[in-house]
Amino acid sequence: MSRYEPGLIEAKWQEAWDKAGVFTATRDAARPKYYVLEMFPYPSGRIHMGHVRNYTMGDVVARYKSSCGYSVLHPMGWDAFGMPAENAAMERGGHPKDWTYGNIADMRGQMKPLGLSIDWSREFATCDPEYYGQQQAMFIDMMERGLVYRKAAVVNWDPVDMTVLANEQVIDGKGWRSGAAVERRELTQWFFKISDMAGDLLDALDGLKDWPEKVRLMQANWIGKSRGLQFSFDTVGAPAGFDRLEVYTTRPDTLMGASFAGISPDHPLAKALEATNPAIAAFVAECRRVGTSEEALQTAEKLGLDTGIRVRHPLDPAWELPVYIANFILMDYGTGAIFGCPAHDQRDFEFATKYHLPITPVFVAEGTDETTLTEAFTPMKSERVRYIRGVNGSTLMTGDEGVAEAIALAEQRGFGQGVTKFRLRDWGVSRQRYWGCPIPVVHCATCGVVPEKKENLPVELPYDVSFDKPGNPLDRHPTWAKTTCPKCGAAARRETDTMDTFVDSSWYYARFTAPRANTPTVAEDADYWMNVDQYIGGIEHAILHLLYSRFFARAMNETGHLPAKAREPFNALFTQGMVTHEIYLTRDGNGRPVYHLPEDVIRSETGATLADGTAVEVIPSAKMSKSKKNVVDPMNIIRDFGADTARWFVMSDSPPERDVEWTSAGAEATAKHLGRVWRLADEISRDETPAGDEDIALARAAARAIQDVTQGIEGFAFNKSVAALYAFTNTLSKSKAGGGAKRDAMRTMAQLMSPMVPHLAEEVWVMLGGEGLVARAPWPKADPALLVEDNVTLPIQINGKRRAEISVPKTMPAAEVEKIALADEDVVRFLAGQPVKKIIVVPGRIINVVV
RNA sequence: GCGGGUGUGGCGGAAUGGUAGACGCGACAGACUCAAACUCUGUUUCCGCAAGGAGUGUCGGUUCGAGUCCGACCACCCGCACCA
């Protein structure tokens, strides 16, 4: 008798699949297509358990759909541009390109042994010139279409390293390497006009029925449609050119409760005042010392400075309000200026309390009187309140009605108008970095900004760059930027900004349909394969990546690169939970964190140390990320127990949408189970027991297993499919059925297991005389007759507490069930003669006796 | 700060408003073995000898019946536009 040896069988079956070309995606008009895609990985160099979980989920779906008769496209590629490659070059020397392609080779080498049903012939990396050249072509098309423009925008500037920092690189307002206080600096940058499509991107969310509700909600909130009033205050004492101050508010009904006006430190008025007033200049400079992220701005202590300027209240010119510069007002939202109503906005309330400004209620709860407020009163707009200082005096109405009334009044009096605004800002794609897709334009002294000619694409990154100093290597390259104007032929300079890596990942799904084409896409292929039927990835991408992809698909449609049906590229979305792990860190001389890999840390009951004994701080359950180094290497499990064990392990237990804390315990137990299945198959293949009474019970168990496993896969509850397979294994190993019946059941087991543990499934399939590859066998169907139960066990509750149970035929009428229940000896004992008030019989479920 | 989510045994988790804890891990007991490992059988929410009682983050509500629905709160996680 032989043993279960994953090392041997896994290589064998992977070769067999390859040879048969089982996973090569082909356009097949005779079959329905199914496109399953997992978010492609960043090539960090090592796969981690999050990858294994993500790609195994996709593989289960791909293999299952293939068995159901679909022509499946299941590709893989690399999100290969980005900062880590440049950081590696700076820290360890070497070149981002070599580092990236080396990592890709390593990761491919780690993924292949997993036995994923991927069509590797379609693989590409976003840093391949063949890919980013097509991206440049689309950028030019989008320029012509008016979807691209330039404007000034602020970046985080490190004054010591003389470089732009990502938000991630700003820690407590300081640069991560230099430790210098970060400044905000304005640069002219490239933008995609995503805000033009804000309304469509919002409305179309309703059609995404197979997306998680929470993702649609998050996107809707992000796009942030609001109806409000835009109006201007007349100013008193403002510099020339600032006679009026334009503000936007979603609560114009609270206008009579206004106690101050506020402007962003980045507002043009603040900039004008800064030039002449040292106190204001100092305050604004202080505000700019916070990073550019919204999080940093909103969590900072709320500070304001009275500018001395006053504005006249639009409904009472005699009433003047002070104008403050306030650090929590965002220049990017609305007009960058607000009026504050402390009585009905908690942030304004705190601000007014701090600066001793009046707090005047505009409305009170229905049926109450005006009192001194200790916090802002902020009911839902749909709630009815009693206005005591409404724009039209005192009435009882909802906030929504109050807002509509205020807008109508403002429009009638001509001091403002109702407008619809979106929170969504245009997508800034400029990055002052080397390792990204060059923006394919040329700056000419006479012609201005000119797109590169398409025949000159790709604009390729130069290889001879250095990373010995910070800043953009493209910008200081001696020759690369020197070119000629595509329009007039004069000497000109290339754009040295590269694109945000989100651009790369906004269309890769479309490129997979024709990965080698010399146009971005090919109509017939895009028509056949699009849309992605099932997209799978992390919840951390719920907003940005998915919103940008939805925008890009629309832009590609409008520039002729995708059919109209692909404007929403992902039919169904599944967001898997993250694999989390403890973070290990020590501190450098300046108190900044230095992260350590799990394999470098010695964990004991009392704490954790490095090999040299240095104490290590442990942060529990955090998202695995390369920058925090809390990644776990699945290769050890694959080496010791095989890919099927790794795959089965990540599919069992935790529901796919939930985060899972990685622990190394349990992998061994998984391997044991697979060994047990193998032995069971081996025994059954030689079982000569004659057919008997038990055969039907086994057939019923198999039918139930088919139903449960199928439902689990269809419903993305792979953990339940795995549980059903465990249960079926237990039943089968204890069954007294005949050898023939057991072999039938075991073959069904092989098929049901095949999406999760495809190698073992092939092996079992062969042992039991299955024909061909189980990967090509049609998915089993449960015989409905075998799923019907004749008898059912009904629990009996007395006053909602379970006290007894009875077994009755499933079809027995309720009245008869009632009689049997009341006659049950346990029921009689518990009732102890008390009169029954009511009896509830839920057919097939439960009986509740109320006394 | 704003937006979104999660919370059930020692652990991972299961449960169309209807028997809470399926299935697995771990633990314990037994069988096999000279012995151990492997394997197999069984027990395993807590308190209690039992009868019984308690129990799904906390507090309250709706219901014949709540892990599930509603309200308030607590804790943790994700996102916040230059991490990918």
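This is a predicted model, so every value here is computed, not measured. We name chains A, B, ... by the order of the sequence lines, and we start the count at 1 in each one. Scope of the values below: all heavy atoms of this structure, side chains included, with no hydrogens, waters or symmetry mates.
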Subject >> A:Asp500 side-chain N/O to A:Val503 backbone N/O, donor-acceptor pair under 3.5 Å >> reply: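 No: the side chain of A:Asp500 does not pair with the backbone of A:Val503.
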Which of the following nucleotides, [options], is nearest to the side chain of [X]?
X	options	answer
A:Arg802	B:A81, B:G18, B:U19	B:U19
A:Asn156	B:U39, B:G12, B:C82	B:C82
A:Tyr726	B:G13, B:G24, B:U41	B:G24
A:Lys801	B:A54, B:U19, B:C78	B:A54

Subject >> Check against side chain to side chain donor-acceptor pair (under 3.5 Å), A:Ser430 and A:Asp497 >> reply: CA-CA 6 Å; A:Ser430 282; A:Asp497 281 357; 3.1 Å; yes
Subject >> Sugar-phosphate only, base, or nothing, as touched by A:His673 at under 4.0 Å among non-hydrogen atoms >> reply: nothing
**OP:** Tell me what A:Trp222 touches on the nucleic acid: a base, only sugar-phosphate, or nothing, going by heavy atoms under 4.0 Å.
**Re:**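 Contact class for A:Trp222: base.
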For the pair made of [atom1] in [X] and [atom2] in [N], what is the distance, rounded to whole Å?
X	N	atom1	atom2	answer
A:Gln219	B:C2	CD	P	22 Å
A:Arg658	B:G4	CZ	P	20 Å
A:Asp504	B:C83	CG	C1'	14 Å
A:Lys302	B:G1	NZ	P	8 Å

Original post:
Only one of A:Tyr726, A:Phe641, A:Phe718 clears ring pair (Phe, Tyr, Trp, His ring centres under 6.0 Å) with A:Trp648; which?
Top reply: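 Only one option passes, and that is A:Tyr726.
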Subject >> Of A:Pro795 and A:Phe81, the one whose closest RNA chain B nucleotide lies more 5' >> reply: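 Its nearest nucleotide lies further toward 5', so the answer is A:Pro795.
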**OP:** Could you list all the salt bridge (Lys or Arg N to Asp or Glu O under 4.0 Å) pairs where at least one residue sits in residues 715-735 of chain A, not counting sequence neighbours?
**Re:**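 Listed by first then second residue: nothing to list.
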Subject >> Distance, C1' atom - from B:G13 to B:U6, rounded to whole angstrom >> reply: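 My reading of the C1' atoms in B:U6 and B:G13 gives 14 Å.
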Original post:
Taking both distances under 3.5 Å as the test for a Watson-Crick or G-U pair, what stems of at least three pairs does RNA chain B have?
Top reply: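 Ordered by first number, the stems with RNA chain B (at least 3 consecutive pairs each) read B:1-7 with B:74-80, B:10-12 with B:23-25, B:26-31 with B:39-44, B:45-47 with B:52-54, B:57-61 with B:69-73.
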